[in-house]
Amino acid sequence: MIHIRPQDKVFVLTGSGVSAESGIPTFRGVGGLWRNYRIEEVASPDAWAQDPALVWDFYSMRRSVAARAKPNPAHLALADLEKRLADRLFLCTQNVDNLHEQAGSRHVLHMHGELFKSRCDTCRRSPFPDDSSYEGPAQIPRCQCGGKIRPHICWFGEVPYELDRIFAALRHCTVFAAVGTSGVVEPAASFVAQVRGRARTYYVGPEEPVNASDFDQCFQAKAGKILPTLFALA
Ligand code: OAD
C-alpha cells in the first residue's frame with residue numbers, strides 16, 4: 001500500500017502496461033508489440049520522410065485498436081485518485097491512447113502525444129482532433145499550406161512534449177509511482193532517478209523494469225488488480 005499524507009504531492013507516470021488489460025498491446029515485455037512492425041521503422045522522422053504511407057498504416061491500425069478499447073480498473077483508480085487529491089496529483093503518461101480521459105481523469109499530460117490528434121509537418125497550425133484512418137499511399141492527408149498531415153506523436157529522435165511542466169512537477173513531488181513502463185525509453189526512464197532520495201518511489205507491473213533498483217518498492221502485479229486498493233490517503 002502507498003500511504004499518502006496531507007502534505008504529499010504525487011507524480012504518477014504511466015506506460016503502455018496500464019492499457020494492456022484494455023487490450024492495447026505493449027511495446028516490450030511479455031505479450032509486447034504490434035508484432036508486424038518494428039517501432040523504430042514506423043515511429044521516426046526518417047520513416048516519415050521515406051514512407052509516410054507506411055507510417056499512416058501503422059497509426060491507422062493503432063487508432064482502430066484504441067478506438068475499441070475501454071478503460072480498465074487501473075485507469076479508473078487513477079481518475080478516482082485525481083478526485084481525491086485534486087492538484088496534488090500530476091498524471092504524466094507515455095501513452096497516446098485516451099483511456100485515462102475516458103476513465104474520468106481531467107488533467108493528463110501526454111508526453112508522447114495523442115493518437116487521436118494530427119498536425120501539419122510543415123506549418124505551425126495547432127494539433128487538431130482526428131480519428132480518421134489513412135491507409136494506402138493515396139490517402140496521405142494534406143494541409144492547406146501544402147504540407148503533409150502527420151500523427152501528433154513524439155517519434156524517436158524528437159523531443160517529448162511539455163518537459164518544462166514535467167520537470168517542475170518532478171521537483172515538487174514527494175511520492176513517485178511508475179505504472180506499466182519498462183524503464184527503457186528516455187527521458188521517462190530517468191524520472192525516478194531524479195526524484196530518488198527526495199521522494200518515495202514505487203513501481204507497479206508484472207515484470208521488473210530495467211530501472212528497478214531506483215525504486216524503493218516494486219509491486220509485482222497487473223495494474224488493474226492492484227491500483228484500485230494501492231493508495232491510502234491519511
Ligand atoms: P513498454 O512496452 O516498454 O513496457 C510495458 C511494460 O508494461 C512492461 O514492463 C510490462 O511488464 C508492463 N505490463 C504489461 N502488462 C501490464 C499490466 N497489466 N499492468 C502493469 N504493467 C504491465 O512500454 P513503455 O515503457 O510505455 O514511445 O514504452 C515507452 C515508450 O516506448 C512508448 O511510449 C513508445 C515506445 O516506443 C513512443 O511511441 C514514442
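Both counts, for ligands and for their atoms, begin at 1 and track the order of listing. We use all heavy atoms of the structure for the numbers below, so side chains are in, but hydrogens, waters and symmetry mates are not.
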Give the contacting part of A20 toward ligand 1: side chain, backbone, both or neither, where contact means a heavy-atom distance below 4.0 Å. side chain
Any pair with a residue in residues 210-234 that passes salt bridge (Lys or Arg N to Asp or Glu O under 4.0 Å), sequence neighbours left out, goes on the list, sorted by first then second residue, please. R196-D214
Pull out every atom of ligand 1 sitting under 4.0 Å from any heavy atom of E207, numbered as shown with elements. 10 (C), 11 (O)
T181-Q94 side chain donor-acceptor pair, cut-off 3.5 Å: yes
Decide whether D46 and S44 meet the rule of one side-chain donor and one side-chain acceptor closer than 3.5 Å. no
Between V185 and ligand 1, which residue portion shows a heavy-atom distance shorter than 4.0 Å: side chain, backbone, both, or neither? side chain
Check ligand 1 against Q94 and write out every atom of the ligand that is under 4.0 Å from a heavy-atom position of the residue. 29 (C), 33 (O)
Output the list of atoms in ligand 1 that are nearer than 4.0 Å to some heavy atom of G15, sorted by atom number. 26 (O)
For H112, is at least one N or O under 3.5 Å away from an N or O on ligand 1? yes
Under 3.5 Å between any N/O of P206 and any N/O of ligand 1: does that happen in this structure? no
Under 3.5 Å, sequence neighbours excluded: what are the donor-acceptor pairs made by side chains of residues 140-154?
unit_1	atom_1	unit_2	atom_2	d
R142	NH1	G146	O	2.9
R150	NH1	E158	OE2	2.9
R150	NH2	I153	O	2.6
R150	NH2	E158	OE1	3.0
H152	ND1	R119	NH1	2.9

No-hydrogen, no-angle side-chain donor-acceptor test under 3.5 Å, E101 and S105: no
Side chains of H75 and T14 only: does a donor on one sit below 3.5 Å from an acceptor on the other? no
Classify the contact between W155 and ligand 1 as side chain, backbone, both or neither, using a heavy-atom distance cut-off of under 4.0 Å. neither
Show me which atoms of ligand 1 lie under 4.0 Å from any heavy atom of G205. 20 (C), 21 (N)
Indicate yes or no: does an N/O atom of C154 lie under 3.5 Å from an N/O atom of ligand 1? no
Check this for me - ligand 1, S16, N or O atoms closer than 3.5 angstrom, yes or no? yes
Contacting atoms of ligand 1, where contact means under 4.0 angstrom from a heavy atom of F156: 36 (O)
Out of all atoms in ligand 1, which are within 4.0 Å of some heavy atom of E21? Include the element for each. 17 (C), 18 (N), 19 (N)
